[in-house]
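The figures that follow rest on heavy atoms only: side chains count, while hydrogens, waters and symmetry mates do not. Just so it is clear: chains get the letters A, B, ... in the order the sequence lines come, proteins before strands, and each one is counted from 1.
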Amino acid sequence: MPTEHIKVDALVVGGGIAGMQTALDLGDQGYQVALVERQSSIGGKMIDLSKVFPTLDCCSCITTPKMSATAHHDNINLLTYSEIESINRNGNGFTVQVTKKPRYVREDDCTGCRSCELVCPLEVSEDEHEFGRTSHRIVYVPFSTAVPQKAVVDIDNCIFCGKCIQACPSDAIDFTQQPEPVEIETRSIVLATGFETTPIDAKKEYGAGKLRNVISGMMMERLLAPTGPYGRVLRPSDGKMPASIAYVQCAGSRDQTLGVTYCSRVCCMYAIKQAMLLSGALPLAEITIYYMDIRTFGKGYEQFYQNAKAMGVEFLKGKVARITEDADQNPIVRVELIDEFGKTRVTERQHDLVVLSVGLLPGGNPQAKFGVPVGEDGFIQVPDYNVFPAVTSQPGIFVTGTALGPMDIVDSIMMAGAAASATASYLESSNGSGKEAQSQPERSVEYA
Amino acid sequence: MPEENVNKQAQAGQNPKDEEPRIGVYVCNCGGNIGDVVKCDMVAQTLGKLPNVTVAHSNMFMCSDPGQKMIADDIKEKGINRVVIGACSIFLHEQTFRRTLERAGLNPYLYYHVGLREQVSWVHHGTPKEATEKSIRMMAAGIAKARNMKPLEPVRLPAHRHALVIGGGVAGLRSALDLARRGLQVTLVEKSHYLGGRMAQWERVFPTNEEARPLLKRLIDQVLAEPNITIHTGAQVAGAKGYVGNYTVTIRQQPRGVRGTFPNEQGVMDVCPIKQRCEFNYGLSTRKAIYRPYKECVPEGLVIDWEHCTKCGECVQVAPEGMINLEEEAHEFTVEVGAVVLATGFQPYEPFYGEMGWKEYPEVITLPQLHRLLDDEGPSDGKFYWNGHPVRNVALIHCVGSRQVEGVHRAQMDGEVNNYCSRVCCTASLSMASLIRQKAPDAKIYEIYEDIRAYGRWHEDYYTRASKNNVTFLRYYAEEIPEVRRADEKAENPLLVKVRDHLTWGEEIEIPVDLVVLSVGMMPNPVQDLMEIFKVTPGSDRFLLEVHPKLRPVETAVNGVVLAGTAQGPMNIQESCAAASAAAAKVSALIEQAKVELEPYVAHVDPDQCQGSGECVKVCPQEEAIELKTFSENGRTFQRAVVTPANCNGCGVCVSVCPNRALDVQGWRLDEYEAMVEAIAADIPAWEGAA
Amino acid sequence: MSTETENRSAKILLLATLSGGYRGADMVGQGHMDYPPNTYILPVMSAAIFPPKFYIDAFNKGFDAITVMYSGTDSPYKGESEKTAEIINETYGKMKELNLDPRRLRLAAICTVCVRPFLEEVQRAEKLLEEIGSVPRPLTKPQAVPAQPAGTQGGIFHAN
Amino acid sequence: MTARVDPQFITELKKYGEVTIESCFNCGNCTAICPLSTEETPFPRTNLRLVQLGLCDKLRESLDPWLCYYCGDCSATCPRQAEPGEAQMTMRRWLTGQYDWTGLARLFYTSAFWEVGSILLVGAFIVWMFFLFAGPMVTDHVALNTFAPVERIHYGDWVLAAFLSFFLLSNVVRMWWFTVAKDSKVKVPFSVYVTEAWNLIVHFVTQKQFEKCDEEQKGFWQKKRWRNHWFLVSGYVLMFVMVVGFLPWFQTDNIYPIYHPQRWLGYYATIVLLYGGFDILWSRIKKEHQSHRFSHLSDWIFPILLLLTTISGILVHTFRYLDLPLPTYYMYAAHMVVLTPMLVLEVPFGKWSHLAYRPLAMYFHAAKAKAAQLQESLTTAPAAAD
């Protein structure tokens, strides 16, 4: 297969909100941009969320236009379902080898009509805990607002019955598809490799993922999302509507036993947001948030927290030490609390559903692939964090979003602008056009 | 204003496509946000029966790609030439759908957006039936407007590839640098006589523990090295005219009074008889009326404080000939810019008299003052001394002026308490605690807090390190703020801090201290004048308001005016720099092409109706927006009103006074409103809301 | 009760500027606050475009109260606020001639974050309509038709 | 009541062992994870907080550090790795120093010189005593009772028992004074001391709190730490009783037949002491359990002395069997040289004392709880009658 060649000014790695926004900010300035996303749709983690704090805007409503704008932008070349294989410095630019994974559906022909999905006889469930998109057919459009709206075949589970081929009105199904190599020649790279969340089984004391009614914040996002699995909030073990829900904060952050010393920055706000949404969805449910420090630091966040308090969400200071369950699989949390009279006590409280406010871990492996150094926390480390946060020690490589550490959406969008600016500055400089390497002030900085 | 644009405008208005309206109506469920209250299917069904409505659909997410595709397909396949969508707020997605129309080959202004979420489903959740009926009426109004809509073209204007950055703090500098490197001309104005703003007053910045001024110096050096940047210190914006792409900004610059540097500067300062509170050291020291803001300040050299200078002339005697001119006057000049970056920064919260002992006891200082105190170039040369004694016991009280509670805290002048978190004070206090530990290894340090908000990358390490450094943490209840009072005469330490400590099961703890540091929050710099000049608005926290905190976090409601740094809300250095860069990216995207497109919502004269009464010219508040021109046709001369679109802002004052209804604001025409009013009031065809 | 009567309950028109009242109304929505559904908000760029006749026509067409929610002196349009006030004053004169209670038309400055004032304005209009009922239509000079006593809404509609 | 704080106290405590709880951010994880912490008596965070604020009077009056059996869960799960378990261990050493009026305990814990020096001194004293009082060494056969006449040794035992009982008891009285008598909130009536006395016995005999520590394991044999400790204590107590109470029966030149209970008891005690002593030392060397990651000198001294005592005892026994007179006599003397400091120094002032303070703490704790309950019923009873 002939290698497809693309020549751009900037390559953005990762199609989450930070990557999309960086691509848009660069594209709007007239630069040619290629955006490479590993998943079959762009949108990243944000598209999975229910609503966003503190405005409580529907998250899809904010993300989908961005996805759409990215996909339709004249200056943006979108490559989904693609992996970066290697990058080579080529003069002052880079030659990047990308593999387009086979969808087994010809992208140009597929109209996203889902006829194939309707006739496909097999359904596979994804990981039980990730009931985000619970189960899908073997051939499926990733989700209703996916961009691009194209089907993809889960080839490992396919029995090749051929029904989809018959059903497809545009003859787009092609089981002979091979990985396609793409070569991108670019003058700069922006890393928007994002984050992962703490695995649900990370902490033994919290049931090591074995307690069915202990779920992660991300799963709760799915339960609350309009596109969620049940369309309402039900607990996993028995489908009961939970009458009492507890949030365990810092379940993956600020905990040296997990090797994570940092604060994940978003968990307080997403827990409060979910609590507010839950009190709308389940007006009778009691919601408790067990926390160490409430960190509602952003614009409008503190007021959001106070509103939640006023709405009756219970905030209790104490780190949950252990979660067990009773015979009915009701989770029981054990925690030390200081009550309003100033008395301290250890208590066991039973809830119907416990949500672990899991933290943010670095995603991808930017160090190995792009040669950018990472800090002790695994996120990309930059030489001048304060003044040039988007500029890495590798000339021509920039970083944005949660690849630089935990951030919320606002900060990611700000960071995207910063990365776009830094990239533009670089592209306009003599370095970007291929004369001399950009020199960063060499100095050793002690981080924290 | 190029002539062809005017003509194009006129053309667009005069010759609407003469075709039968074929209206596509779409009702968005918004993933249940609307659909849970309003029966969207029924709305679509009912509207489908209205005249000129060719298709009517409801959809889970109209804004999604499939949703947009549905519209595009209808335009292409069913010949839809007007679109009405009922969805979320107009501010969220009007632009989204306009672009959809554009991509499908339809004029994007043949579109009307009805806010069914914020203004129907979210406010009438208790009455779904009425909400559905209301949705139908609102959509019907939209359809009525759509029938009369005409295609419009945006006003295209040339733009100056030149940006004005207001504020020479770290955010302003950072913005200026990015813009200049992007190839744009930049004018940077700074009110004070030195660059660097508040950051110059910091001792150290977290999370890198770098010394603030060397870090700042590197940034300033880079800015100074950019030939595209022109810097004016001591300068303020006095006024502005124009619009995006074409602002004429008047800048008023205060003279320094001193020309350049010379060796005998100290001698000059020594002879000045006036002593003033030194703002740079937050009042911890004094300065003369001729002074250097701080040691390595840029621009270098002395400055005269005109407010307090008596022009006694002592300094002129001592200084080299011609270096000091006490008669220098302020001068004004204008710059032509395409966009404006507001990087006006913050000021530390000023506690009220007696608030935790502030001003009541001299041993109570604020966190910015502590920065100065611990600074090697500060008033005590970096020694942790107060009143000549080493400080052995110090308490830092968090959340002074932040996270205030109505009824507990005293309100500001505007009657509001500061109910927001100032974001930086926790980590700043923790980093100061570690610095104190370095300077005074045996000092007893207490951090009295509500929540420790060490949220950012490496911030938590400051907390851990402070703990390991044996800093004692006490947690107070929000409703019960710590009390600072004078200790007994005989006591070893002058002050006592009394806290009910949540961590010690509500025990009342008394701490004898030598110094109390109030971790004061951030307040925006008072920029009432700039808000008026540029028509930007503050939020309820008094910081400048962005258009949308998630979607467009650095843009204001005024096109061409963007925000950078703490003018928008509390931020640390890193966040300010990121925001400033983001602002630069927006400005670049806006004016980099040397042209700006504007909404076509300007006045338009129907030459057939106009009788040249001139009423409109009399009332028009804009300069050169509308005038009477004399035409001659078939040997007959007559007067007609003519609009200059670039100068018209669409206020519509002329519309209401035109005796012949010859005037309209394009896109918001009076006849459209009349049709909408009629549609809302009309009966709904086949409405089965009771079912 | 006929469907006609039920449908044609009192209607309130809110003309809200996009830089002021309309955003305020959005803010109310974002707060999920509640107000009666017989309020119809139309976005306007500038409130100064409407001549008095427009208001009279709106009353005639079926609205019973109109509130213009503009940005007041904070308006981005120079001259908007003075001109609007002028027009409203002029309209009061015409309303008087038609025996329309001037309280039915109000000019209110509503800012982008004016949640409470917005709700107060809506409540005020609702209360007013409860008190004085709907507009008697068609509108005519007082000598032609004797003033309608304030009655139930349904009654008025039947009378017409 | 307002409390004055003293953040320097922690530096004082650090002399007693590894303390890193200044890192603690008071999340309460330790208290909630602790299997022994209860709704009414939450710890260890309460203790940690007293140390952080330097409220040492309150700490001295607290029984809580004794309620901990150092399962180490708190340290293993501490999000800040502040080692609350080890801090409590250190607090117990500090408390032992506080209870002890002679000041010796404080010296032993804070100074290796004093600890080792005094052991050597007591050992030397015993050697000297042998020089003074030992009988003739019969060399043709083993005649231990001639070399060390059992009645003289028995007298010595009694003196020794009296000595250590005096100090231990006086320290116990001080413990009672600090923790019960000085507590103004609750007055414990005499009857409660009697009715709750069973606590002392039960906890001493069963060490049942220790058992709860291994919460995740089920069954006697799975709960290794409790089991080993229990065996060790049983062997120790058995040996102590036999030696101090029944020495003439135990130390005899007649060799009893193998089925005789004297030999059974002796062998049982020896085996469990040997195993227990080795187990402790081995765990401390390997640092396998949370509680063994930090070892203070005092943690080493006692098991080493115990093990040396046991080994020397076994050797005495073996040499006698082998009918090697001189090795038997020298080994016997050596046995006494290590045994005496183990009893005289370790029991009232050293690591051993926790064996006494722990059950006592449980007893005092139960008594106080009972008294508080009584007080409450007295105050609420009239109200209830209304």
Based on non-hydrogen pairs under 4.5 Å, which of C:Pro36, C:Ala58, C:Pro37 is most in contact with chain B? C:Pro37
Test side chain to side chain contact (heavy atoms under 4.5 Å, CB included) on C:Tyr22 and B:Gln119 and set out the steps. CA-CA 9 Å; C:Tyr22 199 81; B:Gln119 301 193 358; 3.3 Å; yes
Applying side chain to side chain contact (heavy atoms under 4.5 Å, CB included), run through B:Ile680 and C:Phe63 and close with a yes or a no. CA-CA 9 Å; B:Ile680 294 174; C:Phe63 282 96; 3.5 Å; yes
Starting from the C-alpha separation in whole Å, work towards a yes-or-no answer on side chain to side chain contact (heavy atoms under 4.5 Å, CB included) for B:Val677 and C:Leu13. CA-CA 8 Å; B:Val677 164; C:Leu13 178 64; 4.1 Å; yes
Partners of [X] by salt bridge (charged side-chain N to carboxylate O under 4.0 Å, His left out), sequence neighbours excluded?
{"X": "B:Glu130", "answer": "none"}
{"X": "C:Glu86", "answer": "C:Lys83"}
{"X": "B:Lys618", "answer": "B:Glu615"}

Non-hydrogen atoms of C:Gly29 and B:Val123 that approach each other most closely: CA-CG1, 3.6 Å
Suppose a student defines contact as a heavy atom less than 4.5 Å from any heavy atom of chain B. Which residues in residues 39-53 of chain C would they list? C:Thr39, C:Tyr40, C:Ile41, C:Leu42, C:Pro43, C:Val44, C:Met45, C:Ser46, C:Ala48, C:Ile49, C:Phe50, C:Pro51
Pick from [options]: which one has the most heavy-atom pairs with chain C under 4.5 Å?
{"options": "B:Gly650, B:Cys654, B:Gly115", "value": "B:Gly650"}
{"options": "B:Glu674, B:Glu532, B:Met676", "value": "B:Glu674"}
{"options": "B:Val665, B:Val655, B:Val619, B:Val653", "value": "B:Val653"}

Region of [X] that comes under 4.5 Å of a non-hydrogen atom in chain C:
{"X": "B:Tyr112", "answer": "side chain"}
{"X": "B:Val657", "answer": "side chain"}
{"X": "B:Ser89", "answer": "both"}

State whether the number of non-hydrogen atoms from other residues, nucleotides or ligands found under 6.0 Å of B:Glu406 atom CD is greater than 12. no
Look at the side chain of B:His124 and the backbone N and O of C:Tyr35, then say whether any donor-acceptor pair between them is shorter than 3.5 Å. yes
Might you work through the side chain to side chain contact (heavy atoms under 4.5 Å, CB included) test for B:Trp668 and C:Leu18, ending with a clear yes or no? CA-CA 12 Å; B:Trp668 306 93; C:Leu18 282 162; 3.6 Å; yes
